[in-house]
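All values below were derived from every heavy atom in this structure, side-chain atoms included, with hydrogens, water molecules and symmetry-related copies excluded. The model shown is predicted, which means the values in this text are computed figures rather than measured ones.
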Amino acid sequence: HLQVKVKIPFGNKYLDAVFSVPENKPTYGVILTHGAGGDMNFPHLVSLAACLASHGVLCLRFTCKGLNIAYRAKAFKTVVEYLKLSDDYKLSGVFLAGRSMGSRAAASVVRQLSQGDDDDDFVQGLICLSYPLHRPKLQSKLRDEDLLLIRCPVLFVSGSADEMCEKQLLEGVVSKMKAPKKIHWIDKANHGMAAKGRTADDVMEEINAQVFLWLRENTELEHK
């Protein structure tokens, strides 16, 4: 697949971004961003983007530094608009995806868009990798307000030993969600998706396979 670097205008700055472009004309896209540390070249994101592009899904991953969730969400919204208005790629819809803090930003944008009047079905779903439901050891304060208001399909991929997403707590939140939802637990993996006795590549393959499977169930993607 082809990789195309772009700079997306954001306020008086630019966001660095990379398109992973499938060989055939894509119908759907995934916008992907990183957690609090690192950038769009985080290995899990690079791996997922390559996997999606090889299966015919356009992937646009971007970097937005900054630890303010509202700022990150604003940047994400700008990227959604950018892709929506793109002349190069005419998509039927996109899925918003993020890792850790990036998934919180994605959830915030999906909620904003689903509550707005301009809901035109461009955003079709949400993919949360290592969603940080709470701070480590602070399980009394859950970051679930966006999740409970979302209406489109949501996929969670989390480690069963994630110190920022206690298994029973996420299952409790998910049971209250009105949206169609699915959780895939990576056995014994922590917040960084490291699992004892498994290589990083092995874990990434499992994540990628689950994300693509779920996308295929939630779109009209042909079985490739």
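By the criterion of side-chain heavy atoms lying less than 4.5 angstrom apart, applied directly or through intervening Ile, Leu, Val, Met, Phe, Trp or Tyr residues, Met177 is grouped together with Ile183 in one hydrophobic cluster. Linking ILVMFWY side-chain heavy atoms closer than 4.5 Å, directly or via other members, places Tyr71 and Val80 in a single hydrophobic cluster. No chain of hydrophobic side-chain contacts below 4.5 Å, direct or via other Ile, Leu, Val, Met, Phe, Trp or Tyr residues, connects Ile8 to Val18. Residue Leu85 is not grouped with residue Phe76 when hydrophobic side chains (ILVMFWY) are merged at heavy-atom distances under 4.5 angstrom, including chains of intermediate members. One hydrophobic cluster, built from ILVMFWY side chains closer than 4.5 Å, holds both Leu169 and Val174.
The line from OG of Ser130 to CG of Asn190 is 8.0 Å long, rounded to the nearest 0.5 Å. We find the CD1-CG distance between Ile127 and Leu32 to be 8.0 Å, quoted to the nearest 0.5 Å. In this structure, Glu205 CD and Ser47 OG are separated by 7.5 Å, a value rounded to the nearest 0.5 Å. The distance from atom CG of Asn24 to atom NE2 of His55, rounded to the nearest 0.5 Å, is 13.0 Å. Separating the CG atom in Asn218 from the CG atom in Leu155 is a distance of 8.5 Å, to the nearest 0.5 Å.
Annotation: salt bridge (Lys or Arg N to Asp or Glu O under 4.0 Å) contacts involving residues 11-30, sequence neighbours excluded, comprise Lys7-Asp16. For residues 173-187, no residue pair satisfies the salt bridge (Lys or Arg N to Asp or Glu O under 4.0 Å) rule, not counting sequence neighbours. Sequence neighbours left out, the pairs with a member in residues 155-174 that pass salt bridge (Lys or Arg N to Asp or Glu O under 4.0 Å) are Lys167-Glu171.
In this structure, Trp214 and Pro153 have side chains that are in contact, with non-hydrogen atoms separated by less than 4.5 Å. Counting only heavy atoms from C-beta outward, the side chains of Val123 and Val110 approach each other to under 4.5 Å. Within the 4.5 Å cutoff, no side-chain heavy atoms of Lys141 are placed close to those of His134. Leu48 places none of its side-chain heavy atoms less than 4.5 Å from the side chain of Cys59. Within the 4.5 Å cutoff, the side chain of Val4 has heavy atoms near those of the Val21 side chain. No side-chain heavy atom of Leu58 sits under 4.5 Å from any side-chain heavy atom of Leu60. Using a 4.5 Å heavy-atom cutoff, the side chains of Tyr28 and Val30 are not in contact.
With Thr63 contributing its side chain and Met40 its backbone, the two residues share a donor-acceptor pair below 3.5 Å. Of the possible donor and acceptor atoms, none in the side chain of Asp144 sits under 3.5 Å from a partner among the backbone N and O of Leu147. Side chain of Lys65 to backbone of Gly38: a donor-acceptor contact under 3.5 angstrom is found. Without hydrogens or angle criteria, Arg143 side chain to Pro132 main chain gives a donor-acceptor distance under 3.5 Å. In terms of modelled atom types and a separation under 3.5 Å, the side chain of His44 and the main chain of Leu129 share no donor-acceptor contact. Formation of a donor-acceptor pair under 3.5 Å by the Thr219 side chain with backbone atoms of Leu215 is found in this model. In this structure, the side chain of Ser160 engages the main chain of Lys188 through a donor-acceptor pair within 3.5 Å. Although no hydrogens or angles enter the test, the distance criterion places no donor-acceptor pair under 3.5 Å between the side chain of Arg111 and the main chain of Leu149.
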What's the verdict on side-chain contact (heavy atoms from CB on, under 4.5 Å) for Tyr131 and Leu126, showing C-alpha distance, side-chain angles and the deciding distance?
CA-CA 11 Å; Tyr131 187 85; Leu126 170 67; over 6 Å; no
Walk me through whether Phe42 and His34 qualify under ring-ring contact (aromatic ring centres under 6.0 Å, His included).
CA-CA 7 Å; Phe42 188 78; His34 56 90; 8.7 Å; no
Could you walk me through whether Val57 and Phe212 satisfy the side-chain contact (heavy atoms from CB on, under 4.5 Å) test, starting with their C-alpha distance in whole Å, then the side-chain angles of each, then the deciding distance to 0.1 Å, before giving a yes or no?
CA-CA 9 Å; Val57 179; Phe212 179 66; 4.3 Å; yes
So Met193 and Ile207, side-chain contact (heavy atoms from CB on, under 4.5 Å) or not? Walk me through it.
CA-CA 9 Å; Met193 289 293 185; Ile207 296 169; 3.9 Å; yes
Give the intermediate values and the outcome of side-chain contact (heavy atoms from CB on, under 4.5 Å) for residues Phe122 and Leu113.
CA-CA 10 Å; Phe122 183 63; Leu113 294 176; over 6 Å; no
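Under the side-chain contact (heavy atoms from CB on, under 4.5 Å) criterion, Arg198 pairs with Ile186, Ala195, Asp202, Val203, Glu206, not counting sequence neighbours. For Ala53, the side-chain contact (heavy atoms from CB on, under 4.5 Å) test picks out His1, Ser20, with sequence neighbours left out.
Remark: of the listed residues Leu15, Val79, Asp39, Leu15 is the sole one forming a side chain to side chain contact (heavy atoms under 4.5 Å, CB included) with Cys64.
Aromatic rings from Phe10 and Tyr82 are positioned such that their centres are separated by 6.0 Å or more.
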Name each donor-acceptor pair under 3.5 Å that joins a side chain in residues 93-105 to protein atoms two or more places apart or in another chain, with its distance.
unit_1	atom_1	unit_2	atom_2	d
Arg99	NH1	His191	O	3.2
Ser100	OG	His191	NE2	2.7
Ser103	OG	Ser100	O	2.6

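Closest of all the heavy-atom pairs between Ile150 and Ala179 is O-CB, 3.3 Å. The minimum heavy-atom distance between Thr78 and Pro9, with the atom names listed, is CG2-O, 3.3 Å. Across every non-hydrogen atom of Cys128 and Val154, the tightest pair is SG-CG1, 4.4 Å.
In this structure, Glu145 places its CD atom where more than 12 heavy-atom neighbours from other residues, nucleotides or ligands lie under 6.0 Å away.
Between Tyr89 and Phe19, the ring-plane angle classifies as tilted under the 30° and 60° cut-offs.
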